[in-house]
Asker: 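What follows is a structure written as structure tokens; I'll ask about it next.
Each chain gets a letter, A, B and so on, in the order its sequence line appears, and its residues count up from 1. Since we're looking at a predicted model, the values are computed, not measured.
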Amino acid sequence: MDTAVSVLNVTKNYGDVEALRDLSLDFPRGQLTSLLGPSGCGKTTLLKIIAGLLEPTAGNIEIDGKQITGPGEDRAFVFQDFALLPWANVLRNVSFGLELRGVAKSEREAIAEKYINNVGLTGFEKSYPHELSGGMRQRVGLARALSVDSKVLLLDEPFSAVDEQNRRKFQEDMLELVRNENKTFIFVTHSIEEAVYVSDQIAILLPRPSRVSEIIRPKGFRSAGVENIRRSKEYLDIVDQIWASLRNYVE
Amino acid sequence: MDTAVSVLNVTKNYGDVEALRDLSLDFPRGQLTSLLGPSGCGKTTLLKIIAGLLEPTAGNIEIDGKQITGPGEDRAFVFQDFALLPWANVLRNVSFGLELRGVAKSEREAIAEKYINNVGLTGFEKSYPHELSGGMRQRVGLARALSVDSKVLLLDEPFSAVDEQNRRKFQEDMLELVRNENKTFIFVTHSIEEAVYVSDQIAILLPRPSRVSEIIRPKGFRSAGVENIRRSKEYLDIVDQIWASLRNYVE
Amino acid sequence: YAAKLKIALAETPSDELAAFFVALDRARANGLDYEWTAFSDEELAIQAVLSGQMNIGFGTPYSAMQRSKAPIRIIFQLSKLKFFPVTSKKYNDLKDLDGEPILLHSRGGGTDSIANVIEDKIGIKFGKRSYVPGSSNRVVALVGGQTDATIIDLSNKNKVVKKFPDKFNVLPMFEVDSSDEALFANLDWIKENEEQVGIFVDALVSVWRDMHRDPTIISKETNPDGPIGQLPKEILAELDGFYTDAVAGGLYDPNGGGRKAAAADMEWYSAAGQLTGDPSTLNIEDFWYLAPLDAAMKK
Amino acid sequence: MTIFGYKLPGMSSLILWALIWEIVGQTGWTFFIPPLSEVIGTLIDVIGTPAFLKAIYETAYAFLAGVFFAVVIGIPVGILIGKSRLLDELILPWVNIFLSAPLTALVPVLMVLFGFGMKSIIITTTLFAIWIIILNSRAGVKQINRSLVDMARSFGASPLDAFFKIYFWAALPEILGGVRIGVIRAVKGVIIGQLLISIVGFGALFELYSNNFMMSHFWAVLIVLFALAFSLSEFLAYLERRVSYYASSR
Amino acid sequence: MNRSLFLKLLSAFIVFGTWELAGRIPVSYAFPTFFESMQALFAMTMDGSIFVAYAETLKPLTLGVAISAVSGIGLGLWIGLSSRFEWLFSPIFIVMQAAPLAALIPILVMAYGIGLTSKVFVVCIMAMPVIVLNTASAVRNTPTSIKDMGRSFLATDRDVILKIIIPAASPVIFSGLRLGISAGFIGAILSELKITPTGVGDIITYSRSIADYPSMYAAIFSIIVLAVLFLNGLERVENYLFEGNNRGYVSD
Ligand SMILES: Nc1ncnc2c1ncn2[C@@H]1O[C@H](COP(=O)(O)OP(=O)(O)OP(=O)(O)O)[C@@H](O)[C@H]1O
Ligand SMILES: Nc1ncnc2c1ncn2[C@@H]1O[C@H](COP(=O)(O)OP(=O)(O)OP(=O)(O)O)[C@@H](O)[C@H]1O
Ligand SMILES: [Mg+2]
Ligand SMILES: [Mg+2]
């Protein structure tokens, strides 16, 4: 299997707090991998290490077989706390990633416009973050990450504040990107159902200090369609199985 | 039925943006009411108006039949963006509500300690918000609101960043408070499943300008237990019904 | 070749400097090229000359000459230490000040040494000495009732007398020949620029002499576009009065001070604590450079 | 402030203070405070005179140059020491030292290094304005939201990009506050420079007028100076209000 | 030895070394070397004159700084909170900030004499405006979301000020305080130079007038050391009071 990102024996300590211990994990190219684990187990930490934003205490990250030294154009990040520029309006915020990559103004605004529309914020281009609701802010961060068209997308609980309707739309969009553009997604979520539905591979993390306890590869649910899946027995079984193992480790 | 909080013909405009229009809704005492609605429809706005933090453009709020004029001891708020004091550690943050109510230091710290333990943050009392993960921060905000022991609790997507395990625990805790202490919960969530499981009453809001489109009173699921409910047909039906109506209004 | 002569004033151009600027104008007519910079106090002017950024400075840098061993020499006495004990109506004579508090410029400054000498000559002992730098500030303190006795300069004494004719007494003082303001320069520089220094000292001597004959020549010769001519008319109107008083009071020595002033200075500044060592053993040549003045006096 | 629903412009309270001044002056409480009307009269008399115009020019030139250097050096230095521990440890102690050094004490050194001309006065002005700009920029950067920094890095911001697009803006409310205060201090700095180093410009006028008890002249110059300080401070306050929309939601 | 101390010593070494060299060249007769100055300081310490001087200087200084800090923060809060108060009083502080103090000293002497009161005034005029103006602008920038939180938990106005606004504004308040206090030091010296030379100001003027430059520099050096120690203490207080505000450096 073609590996896009590999995490090799990564350890991360924050002072006394040991967040990750000797964690290794491969992310196959063109697939969606979910990270599931208790709150505070180190998912955000792992994502930031992959993004090149944090130095691991030990171990390293390889992308396409090459060790990373910092952030790169090949990765885009959706932040758990959105990380919007409070002084910039929605349009500028969404096009900010492109701005940093030196795309000309008219071009990047056209692209941003498209993604703003995609996340359902048309009409709010000129609004500032403090004039938006929580879910709207989150969607701005999502649009920004999508607009730079990176090969690897790191999504830290990207749908936590959006409504069910939008969440389902974004899930479909995401799956389409996996399917058609061969993008690699690394996706943090707390919803087991969501993970089971969208993932090619689910990594279950242990509580701090975190390692991978189990890798599950659910399959075949997508074809059934969102509507019906919730009533499918296999789906419910696998959700229960994950829930059981999560609960086990936690206790 | 005994009404704890009534929202009477409330309208709220932010400049040109009309967030709520002539919204009326009753919240029965000792029950849990969920607000479900698309992102940006005005749920946070409504909660802040009930909390007395925002003035409605028109209409008013009554608590126990008396019109409110501002925040009061009878209500506690869990903020969507957590609103922690960055300069205060977890213990101080959790006990901050009590501190403002003039509770003596040793007493409030004892109470805070209990709620910190309740939300699973024992050991992090001395940590500062910037040293916590997203979910841990959210739990600090939750513990702060619970510790002041108000009659009405306003919860703005309080579990959006916590893991499934914790979420289920908090749901049980919340239901227990409803059952045993006759507290009134007003609860914003984007998870239809969650709303159906915990609510005595679900208010479905229309997109901006928001009004209540429908009130649903699911019942009988709690007794079945969390484990089994997901496979119950009535449960799935009602979830689908809500989903369908949400989707209708949005489109 | 003659570089611009750089003069460091120790105060802004005002009525007291009018005569000096008249002399500068005469020197210019004789071919002296100069520019001036005003400093807020004497110490800065001394430092500026010490560090070679200015050629000629204003002040009495005796302690700097003795301590820093810099080859600085005085070439001309501009004005004498004419200071006036001014008091409230409480006192009528210097003797009345025995044991009484007095307000002076600063410890070790000119007025402090005047107070020392007064003590010596009159045989009294002042009470507590407090210090307020700046004659005009001491006037304010006096007017404001913060003190009953102080020592101030001529121009401020005149202002007090004029503004508050019968509120204060000006006590009679004995003659003092030592210098308040003098011109000084670096010896090496003087030797390299004998000609310029000569023109300058000649002009000064001629103005000082003319002024003694007729104090109003200062206002007549003042260049209306120069720094003094630009002063507010209120000040210009006082010029004649000021110079008449000054000449009558002996503020200016028509002979440029010279040996007499130097000897008086040795005495005075030793008493004031700015010079160390027995005044009679101090060598005048270490402090004054008299050649240009001698030459000018011969003309 | 609003009175009867009418919004009063920012500095209109000055009229009130001017009135108080006039009254105090009229009572003749002290000859140091002549009535404002007299001061204004004097101002009108002297403002066109070449001496006055020259003083304005000399003062404005030194002031603007001093502020310019304070801003273009102060903001980057403040931002850099706010974000980098190494630079902070190296530079902050010296900032503290310069901050607390009585400037009078530095003057001889300045004179030795830069002479007595404009240069030293400009430097004195800069020295007055720069520290608050550095410290405020530093404070602004230190409370920056880390996620923004991470975000910019993850999208490949160069250090220069990060500087101009993140740090500068995130700290802008504090920076502007600092510049506003720095500019007002620079007014004082330029006068002190003109008094301490070489007596030119407004400094010379102050010295002259106060030595000769020409109080209404003295206050006339002060008024011009205050007008300068006020208009600059109001302009910067206007800029501050322009960023206030995000200042309290960072 | 820890890194921070090492860096401090290193930079001190470089600067004092440059001073020593500059004094030896010499750049000016009026510029003593570092060692000469330190000798003078040592001499003053041994004969106790420096302590006598500081006993005098610290009176107006501590009094003025204490008054400015307390009332400056108070007024700053008030100005930041009330637009009416800002309208009325912020011009005063802008005037105070811009006023050429040296030129105004005669008025102070006139009104308050040549004693402690006018010196305290000078210290306050120097120290207060920057404290007031910085506090006011910091108060205006307090995050709304935590103010809302406070209100929802029934914070009284006093609580909001003491427990939310002040801590949130503390980094900027403290930078104003630092500046104000150091301006207070300058004010104390200025008042001793311009009103009545006592204490350290007297050492400076006296040694300057007798051209004892090493003593003059020693006195200046000592006041700077004192100010720096004081400011470091202030920083400690800040870090202790609002520990969580110190989120470290982005560079770590
Ligand atoms: N301060 C403000 N200024 C202008 N518009 C605002 C402001 N606050 C909220 N709005 C607008 O009001 C609407 C409702 O916002 P609100 O935060 O109540 O939504 P919400 O239902 O809580 O959404 P979410 O589920 O995304 O949190 C949004 O369209 C938003 O743009
Ligand atoms: N800057 C920091 N300093 C100290 N400890 C930190 C810091 N950042 C994170 N931690 C600790 O590291 C652990 C992992 O944090 P992380 O944010 O990676 O968790 P997470 O898995 O993303 O949790 P969540 O699901 O709640 O977002 C937590 O226990 C947290 O307390
Ligand atoms: Mg996280
Ligand atoms: Mg909301």
Asker: Tell me, for D:Trp131 versus chain E, whether the close heavy atoms (under 4.5 Å) come from the side chain, the backbone, both or neither.
Answerer: both

Asker: With a 4.5 angstrom heavy-atom cut-off, could you sort out which part of D:Asp88 is near chain E: side chain, backbone, both or neither?
Answerer: side chain

Asker: Specify which of E:Ser145, E:Ser182, E:Ala168 makes the most heavy-atom pairs with chain D at under 4.5 Å.
Answerer: E:Ser182

Asker: Quick one: CG on D:Leu172 to CG on E:Asn141, what's the gap to the nearest 0.5 Å?
Answerer: 10.0 Å

Asker: Mind checking the CD1-CZ spacing from E:Ile186 to D:Phe128? Nearest 0.5 Å is all I need.
Answerer: 6.0 Å

Asker: Step by step, would you call E:Ile94 with D:Phe226 a side-chain contact (heavy atoms from CB on, under 4.5 Å)?
Answerer: CA-CA 8 Å; E:Ile94 295 174; D:Phe226 288 157; over 6 Å; no

Asker: Relative to chain D, which of E:Asn134, E:Leu7, E:Leu10 shows the most heavy atom pairs under 4.5 Å?
Answerer: E:Asn134

Asker: Answer yes or no: does atom CH2 of E:Trp78 have more than 12 heavy-atom neighbours from other residues, nucleotides or ligands under 6.0 Å?
Answerer: no

Asker: So which part of D:Tyr209 gets closer than 4.5 Å to some heavy atom of chain E, the side chain, the backbone, both or neither?
Answerer: neither

Asker: What residue pairs, at least two apart or across chains, pass side chain to side chain donor-acceptor pair (under 3.5 Å) with a residue in residues 220-237 of chain E?
Answerer: E:Tyr54-E:Ser222

Asker: Which pairs, with at least one residue in residues 176-188 of chain D and sequence neighbours excluded, count as a side chain to side chain donor-acceptor pair (under 3.5 Å)?
Answerer: D:Arg180-D:Glu240

Asker: Can you tell which of D:Asn96, D:Val149, D:Ile184, D:Ile97 has the highest number of heavy-atom pairs within less than 4.5 Å of chain E?
Answerer: D:Ile184

Asker: I'd like to verify something: which residue of E:Thr142, E:Leu226, E:Val225 has the highest number of heavy-atom pairs under 4.5 Å with chain D?
Answerer: E:Thr142

Asker: Taking atom CZ of E:Phe230 as the centre, does the number of heavy atoms from other residues, nucleotides or ligands within less than 6.0 Å exceed 12?
Answerer: no

Asker: Name the region of E:Leu88, side chain, backbone, both or neither, that has any atom closer than 4.5 Å to a heavy atom of chain D.
Answerer: both

Asker: Find the distance between OG (E:Ser175) and NZ (D:Lys142) and round it off to the nearest 0.5 Å.
Answerer: 12.0 Å

Asker: Heavy atoms only, distances under 4.5 angstrom: which of D:Ile144, D:Leu87, D:Val183, D:Leu92 has the most pairs with chain E? Name it, please.
Answerer: D:Leu92

Asker: For a quick test of reading the model, state the closest non-hydrogen atom pair linking D:Gly177 to E:Ser137 and the distance between them.
Answerer: CA-OG, 4.4 Å

Asker: Under a 4.5 Å heavy-atom cut-off, does chain E meet the side chain of D:Leu228, its backbone, both or neither?
Answerer: neither

Asker: Only pairs of heavy atoms separated by less than 4.5 Å count here; which of D:Val141, D:Val187, D:Ile132 has the most with chain E?
Answerer: D:Ile132

Asker: If you count heavy-atom pairs under 4.5 Å with chain D, which of E:Ala188, E:Ser11, E:Ala227, E:Ala183 comes out on top?
Answerer: E:Ser11

